[in-house]
Amino acid sequence: MTNPVSCHRDGGVLVISVDNPPVNALSHAVRNGVCDALGTVGDSSAVVLACAGRTFFAGADISEFGKPPMAPSLPDMIAALEDCPVPVVAAIHGTALGGGMETALGCDFRVFDAKARCGFPEVDLGIFPGAGGTQRTPRLTGLDPAMEMCVTGKPIDAKKAAKIGLADSIATEDVLASAIEFARSVSNKRRVRDMDNPEADEAASESWRKFAMTRRRGEHAPLLAIEAVEASITLDVDAGLDKERDLFIGLITGQQSAAMRQLFFAERMAAKVNGLDTTPKPVKSVGVVGSGTMGGGIAMAFANAGVPVTLFDANAEALKNGLARIAKLYADSAAKGRMSEADRDARIARITPASGYDGFADSDLVIEAVFERMGVKKAVFAELDAACRPDAILGTNTSYLDVDEIAASTREPSRVLGMHFFSPANVMHLLEIVRGAKTSGDTLATALAVSKAIKKVGVVSGVCHGFIGNRMLKGYGREAGLLMIEGASPEAIDAALYEFGMPMGPMAMADMAGLDIGYDNRKSLVAGEDFEPLASAVQDKLVEMGRKGQKTGAGIYKYEAGSRVPIPDPDVDAMAEAVAKEYGITRREIGADEIVERCMLALVNEGALLLGEGIAQRGSDIDVVYANGYGFPRWRGGPMCYADSLGLDHVLERVRAYAAGPHSKWWTPAPLLAQLASEGGRLSGWSKP
Ligand code: T1G
């Protein structure tokens with residue numbers, strides 16, 4: 001293995017360069033190389049630490065976690081930088097993240113490229129900065145900015161880094177040359193570790209604790225990060241580093257971090273399709289059919305990524321309203337300071353209305369987002385087939401209909417696939433890419449590349465009703481509906497799943513999505529075969545009464561005008577009681593454990609079923625779908641990872657117990673679940689041979 005670290009002298013300055021593609025992770029070889037290079041300072045007046053390639057260090061090497069530690073450790077390497085007899089200057093470009101930023105804090109000075117960003121994304125891996133970030137950062141920035149960086153995990157830009165004291169200089173051109181020049185201008189070391197303890201800041205501690213308990217609910221790392229940063233107020237730096245290390249070790253060896261690290265690699269793996277080695281086609285212009293909530297959100301997702309979009313709706317009034325809604329959403333974002341006015345106007349200008357399908361004559365990709373009716377979809381695809389270039393790709397945003405049937409309404413099904421966005425499409429990260437029986441390799445490769453370009457996590461699914469996400473959700477929703485009939489109140493069901501870590505329970509979610517969506521969906525299915533009619537008996541009655549959820553002010557819950565806060569409605573409990581009576585069901589007390597178990601195991605068993613069928617390529621893809629599309633708590637890693645944490649033999653035993661119960665027909669254990677349980681395997685680690 002070549003040494004990723006090299007050094008050269010530039011007029012008395014020792015320049016240490018690290019080249020460990022793709023992101024200069026601080027692997028053992030890098031740490032070793034930097035320590036060795038520091039041993040060659042000799043009579044240099046200063047040292048510059050820089051990285052080659054697209055970024056400064058993007059953190060510790062995550063692939064080394066869980067393996068036996070190898071010296072020098074990262075804290076060792078940082079101590080070596082601090083012990084270097086001459087000033088050390090970090091030349092930062094791209095992203096200085098996690099251990100990368102901690103390394104920069106081990107240097108005496110930091111020169112940032114104007115476009116560089118830095119941050120502590122460790123909380124997204126269930127840990128926090130464990131190589132001094134919680135002790136050195138607050139000594140430079142004060143408590144509040146340090147806590148913000150450690151608790152949110154969000155990177156900051158160079159301007160902000162300078163404002164809070166992390167950047168000593170910003171280079172508008174060649175950051176390395178600027179860092180060398182800076183190094184020549186300094187003669188004394190200025191170690192961050194020698195700086196004063198930060199002042200206490202009760203308000204900051206309180207507000208970030210509140211943030212951690214709400215926006216990162218259920219996660220251990222953000223709260224412990226606050227505790228570690230607070231230690232810097234009173235403890236001397238070495239005692240603070242010891243405290244940080246203890247808390248860090250507790251987290252990195254914990255289940256939450258293991259689950260979140262698995263998700264990190266799963267999200268990168270999801271973009272890889274076995275056996276697919278074709279080159280994506282360039283997509284420089286996109287068309288969207290349908291200017292409703294989904295169509296508008298999809299258009300914004302592309303405009304946000306700098307891609308010009310043509311938007312068409314057969315209903316001119318709807319198109320006008322759709323464009324107005326988009327403009328308002330952008331104006332609101334600009335008003336909240338999330339983008340500049342110039343950026344707002346540029347994004348709006350990228351979306352051009354069309355008066356007919358001929359508006360798509362030059363589009364490289366067109367995505368249909370019209371009403372969820374097969375007949376309507378087919379008519380649109382026939383129009384697109386005629387209007388678009390033969391090499392243009394045609395995507396459907398259907399969330400459950402048969403993509404092959406839609407593709408068959410065109411002359412060239414190989415260029416058709418599903419591109420299932422999640423609402424709001426300009427915000428949600430997930431893109432379910434549905435590969436039809438005739439979808440060609442380059443069509444699929446292009447959709448995956450487009451997904452990365454618009455900053456979505458693309459996951460490939462085969463064709464079945466509801467694809468990966470919605471198919472599994474059916475079992476989850478079924479059990480929630482049955483539990484309501486059997487005696488659990490909607491608010492008890494929602495509270496149990498909320499406690500489990502879901503952003504909201506299934507009842508409130510159904511009201512938010514609209515009960516009529518499920519009602520219409522069930523119309524295209526066979527009761528008793530595709531779904532359990534008892535489970536949706538109350539919802540069906542509510543829809544027929546015009547109670548479709550939030551949008552009608554009442555559904556399973558009631559809502560005050562303009563409010564989204566669900567208000568329990570005793571009439572709905574009475575309806576559930578009446579249905580139970582009608583079906584001869586004796587209602588009973590049901591605890592939160594049973595609610596969680598039935599909803600989650602229904603999800604898991606259906607996941608194992610579609611995995612065995614090859615609808616999903618890997619168990620980890622299912623976890624990526626649920627973490628990015630359905631708000632499944634990342635600290636549980638996703639439904640497959642959660643099942644593994646319970647032990648598949650236990651999961652199988654519980655599924656078999658339900659298979660012996662009143663709703664046995666829905667609980668046939670998935671063959672893959674039984675197989676892996678007997679082999680001691682893991683669902684999240686399984687992939688199609
Ligand atoms: N370690 C190992 N591999 C990494 C890595 C890392 N830190 N970061 C990225 N990769 C791999 C990734 O798996 C992929 O591999 C390839 O690099 C390109 O990544 C003590 C303990 C830097 C913003 O959390 O956020 O420091 O799939 O597809 O979209 O306090 O990667 O090609 O085989 O994501 O351009 C803290 C993690 C670590 C940053 C680039 N650092 N990385 O995004 O490329 S914990 C992080 C990222 C730590 C200390 C603690 C992103 C990126 P493959 P990519 P990208």
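Just so you know, ligand 1 is whichever comes first in the structure, and atom 1 is the first atom listed for that ligand.
- At the shortest separation from atom 2 (C) of ligand 1 among protein heavy atoms lies Asp61 OD1, 3.3 Å.
- Between Phe248 and Phe128, the ring planes lie tilted relative to each other; the angle falls in the 30° to 60° range.
- Contacts between Lys452 and ligand 1, counted as non-hydrogen atom pairs separated by less than 4.0 Å, involve the side chain only.
- Looking only at heavy atoms of the protein, atom 20 (C) of ligand 1 is closest to Glu102 OE1, 3.6 Å.
- Asp194 has no carboxylate O lying under 4.0 Å from a charged side-chain N of Lys189, or vice versa, which leaves the two without a salt bridge.
- Between Met101 and Arg110 there is a side-chain heavy-atom pair separated by less than 4.5 Å.
- The proximity of Ile62 to ligand 1, defined as any non-hydrogen pair under 4.0 Å, involves the side chain as well as the backbone.
- A salt bridge between Glu219 and Arg634 is absent, with no side-chain N of the basic residue lying under 4.0 Å from a carboxylate O of the acidic one.
- Closest to atom 23 (C) of ligand 1 among all protein heavy atoms lies Leu97 CD1, 4.0 Å.
- The shortest N or O to N or O distance between Gly98 and ligand 1 is not under 3.5 Å.
- With rounding to the nearest 0.5 Å, the separation of CG in Leu74 from CZ in Arg31 is 7.0 Å.
- Counting only distance, with no hydrogens or angles, the side chain of Asp621 and the backbone of Ala616 share no donor-acceptor pair below 3.5 Å.
- Defined by atom type and a distance below 3.5 Å, a donor-acceptor pair is present between the side-chain atoms of Gln262 and Arg682.
- Residue Leu125 has at least one heavy-atom neighbour below 4.0 Å for each of these atoms of ligand 1: 24 (O), 38 (C), 45 (S).
- In this structure, atom 6 (C) of ligand 1 is in close contact with the protein, since a protein heavy atom lies within 4.0 Å of it.
- At a heavy-atom cutoff of 4.0 Å, ligand 1 is contacted by no atom of Ile252, backbone or side chain.
- Side-chain contact check for Phe65 versus Ser257: every heavy-atom pair is 4.5 Å or farther apart.
- Heavy-atom proximity to Gly99, at under 4.0 Å, picks out these atoms of ligand 1: 26 (O), 30 (O), 48 (C), 49 (C).
- For atom 29 (O) of ligand 1, a protein non-hydrogen atom is found at a distance below 4.0 Å.
- In this structure, Tyr626 and Met640 have side chains that are not in contact, with every pair of non-hydrogen atoms separated by 4.5 Å or more.
- Each of the following atoms of ligand 1 lies closer than 4.0 Å to a heavy atom of Phe264: 8 (N), 9 (C), 13 (O), 37 (C), 42 (N).
- Considering only non-hydrogen protein atoms, atom 51 (C) of ligand 1 sits nearest to Arg268 NH2, 4.1 Å.
- Residue Pro129 has at least one heavy-atom neighbour below 4.0 Å for each of these atoms of ligand 1: 30 (O).
- The protein atom (non-hydrogen) at minimum distance from atom 53 (P) of ligand 1 is Lys272 NZ, 3.6 Å.
- Only side-chain heavy atoms of Pro22 come within less than 4.0 Å of ligand 1; its backbone N, CA, C and O stay farther off.
- Closest protein heavy atom to atom 43 (O) of ligand 1: Arg54 NH1, 4.6 Å.
- Pairing each heavy atom of Leu263 with each of Ala627, the nearest pair is CD2-CB, 3.6 Å.
- Within the listing of ligand 1, atoms 13 (O) sit less than 4.0 angstrom from a heavy atom of Phe265.
- For the pairing with Leu444, the side-chain contact (heavy atoms from CB on, under 4.5 Å) check across Ile393, Val434, Leu417 returns one residue only, Leu417.
- Assignment of Gly133 to the shell around ligand 1 is not supported, since no heavy atom sits closer than 4.0 Å.
- In this structure, Arg268 satisfies the cation-pi test against Phe264, with its NZ or CZ atom closer than 6.0 Å to the six-membered ring centre and inside 45 degrees of the ring normal.
- Under a 3.5 Å cut-off, the side chain of Asp76 and the backbone N or O of Ser73 do form a donor-acceptor pair.
- Under 4.0 angstrom from ligand 1, there are no non-hydrogen atoms of Phe120.
- The proximity of Ile127 to ligand 1, defined as any non-hydrogen pair under 4.0 Å, is limited to the side chain.
- Between atom 48 (C) of ligand 1 and the options Arg261, Glu122, Arg117, the minimum heavy-atom separation is to Glu122.
- We find that Lys163 and Asp157 are not joined by a salt bridge, their nearest charged nitrogen and carboxylate oxygen being 4.0 Å or further apart.
- Residue contacts with ligand 1 do not include Met269, since none of its heavy atoms lies under 4.0 Å from the ligand.
- Between the side chains of Arg435 and Thr439, no donor-acceptor pair of N or O atoms lies under 3.5 Å.
- At a heavy-atom distance under 4.0 Å, atoms from both the backbone and the side chain of Ala58 approach ligand 1.
- The protein atom (non-hydrogen) at minimum distance from atom 4 (C) of ligand 1 is Val23 CG2, 4.0 Å.
- The residue from Cys150, Pro155, Ala60, Pro121 that puts a heavy atom closest to atom 24 (O) of ligand 1 is Pro121.
- In this structure, atom 21 (C) of ligand 1 lies nearest to the protein heavy atom Phe65 CZ, 3.5 Å.
- Side-chain atoms of Ser684 and Asp623 form no donor-acceptor pair, as typed in the model, at a separation below 3.5 Å.
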